[in-house]
Amino acid sequence: AASPDLLGNDDLPDPPVYGGKVEAVADYVAGVEPLKALCWAWNRKMVDLCARRIQEKLGEKFPVFRIDGATHPTERGRVVEAFQKYPEAVLCATLSSMKEGISLDTATSAVFAQKSWNPDDNDQAAARILGPDQKGVPLVVDFVLTDTAEQLVEDALRVRLQNDGL
């Protein structure tokens, strides 16, 4: 289990600490049909790990794109445009890098490898797949490690949403 001080920190260790989770996310994303998926994470390290493992599983058959807060806005626009154009592709991104003004409505699913402590950030990320080009009912999937600080955050989010009447 990861210690609480590692959550939200870009200096996360490589597997095995997050290896099982990265593997589960990659297995799930590689099995999505049609493959047009978003993979969200709170920090860059998790985005890197997921993008790398998903690409290994998919090989060169499908592109895997990556965006984080350090991605220049011009490049970010190009990556989003390329993701939208490919009939099958994966985009791995940090939650904060894709907050506003971006539609990813050609995606069929959104996978949260990590979530924000703020439910608005998570809702906003999930909403990226809703829009005029959406061809069906998109699926949103959360991956949470049990018995970790991450599960405590997930439980707190659930309580907060219940208290807000949502």
K.L.:
I need the C39 SG to L91 CG distance, nearest 0.5 Å.
P.N.:
9.0 Å
K.L.:
Do L58 and V47 sit in the same hydrophobic cluster, where Ile, Leu, Val, Met, Phe, Trp and Tyr count as joined when their side-chain heavy atoms come under 4.5 Å apart?
P.N.:
no
K.L.:
Can you list the steps and then say if R44 with R66 is a side chain to side chain contact (heavy atoms under 4.5 Å, CB included)?
P.N.:
CA-CA 10 Å; R44 286 185 294 217; R66 188 199 166 289; 4.2 Å; yes
K.L.:
Is there a side-chain contact between S97 and T71 (heavy atoms, below 4.5 Å)?
P.N.:
no
K.L.:
Stepwise, does the salt bridge (charged side-chain N to carboxylate O under 4.0 Å, His left out) test hold for R53 with E56?
P.N.:
CA-CA 5 Å; R53 189 64 186 125; E56 287 170 359; 2.8 Å; yes
K.L.:
What are the two closest heavy atoms between L35 and V90, and how far apart are they?
P.N.:
CD1-CG2, 3.8 Å
K.L.:
Where is the tightest heavy-atom contact between G69 and R76, given as atom of each residue plus distance?
P.N.:
O-NH2, 3.5 Å
K.L.:
In Å and rounded to the nearest 0.5 Å, what is the SG to CG distance from C92 to D68?
P.N.:
11.5 Å
K.L.:
Between V64 and A51, what is the shortest heavy-atom contact and its length?
P.N.:
CG1-O, 3.9 Å
K.L.:
Any sub-3.5 Å donor-acceptor pair from R128's side-chain atoms to M98's backbone N or O?
P.N.:
yes
K.L.:
Sub-3.5 Å donor-acceptor pair from the side chain of K115 to the main-chain atoms of W42, do we have one?
P.N.:
no
K.L.:
If I take atom CZ from residue F65 and atom CD from residue E81, how far apart are they, to the nearest 0.5 angstrom?
P.N.:
10.5 Å
K.L.:
With a 4.5 Å limit on heavy-atom distance, are the side chains of F112 and V141 in contact?
P.N.:
no
K.L.:
With rounding to the nearest 0.5 angstrom, report the OG to CG distance, S96 to N43.
P.N.:
10.0 Å
K.L.:
Considering all heavy atoms of both residues, which atom of P63 and which atom of Q55 are nearest to each other, and what is their separation?
P.N.:
C-OE1, 4.2 Å
K.L.:
Mark yes or no for whether N122, through its side chain, and S116, through its backbone, hold a donor-acceptor pair below 3.5 Å.
P.N.:
yes
K.L.:
Hey, does I67 have a side-chain heavy atom less than 4.5 Å from the side chain of T94?
P.N.:
no
K.L.:
Can you tell me how far apart CG (L104) and CD1 (I129) are? Round to the nearest 0.5 Å.
P.N.:
9.0 Å
K.L.:
Can you confirm whether the side chains of S103 and D105 place a donor and an acceptor under 3.5 Å from each other?
P.N.:
yes
K.L.:
For the residue pair K36 and F83, would you count it as a cation-pi contact if the rule is NZ or CZ under 6.0 angstrom from the ring centre and within 45 degrees of the ring axis?
P.N.:
yes
K.L.:
Going through the checks in order, is the salt bridge (charged side-chain N to carboxylate O under 4.0 Å, His left out) test met by K57 and E23?
P.N.:
CA-CA 10 Å; K57 287 195 171 285; E23 194 66 27; 3.0 Å; yes
K.L.:
Under the side chain to side chain contact (heavy atoms under 4.5 Å, CB included) test against V111, which residue among L38, V25, D142 passes?
P.N.:
V25
K.L.:
Could you tell me if the side chain of Q124 sits less than 4.5 Å from the side chain of D120, heavy atoms only?
P.N.:
no
K.L.:
Taking atom OH of Y86 as the centre, report whether more than 12 heavy atoms of other residues, nucleotides or ligands fall under 6.0 Å from it.
P.N.:
no
K.L.:
With a 3.5 Å distance limit and no angle check, can you tell me whether Q114 reaches the backbone of W40 through a side-chain donor-acceptor pair?
P.N.:
no
K.L.:
How far does OG1 of T108 sit from CD of E88, to the nearest 0.5 angstrom?
P.N.:
9.0 Å
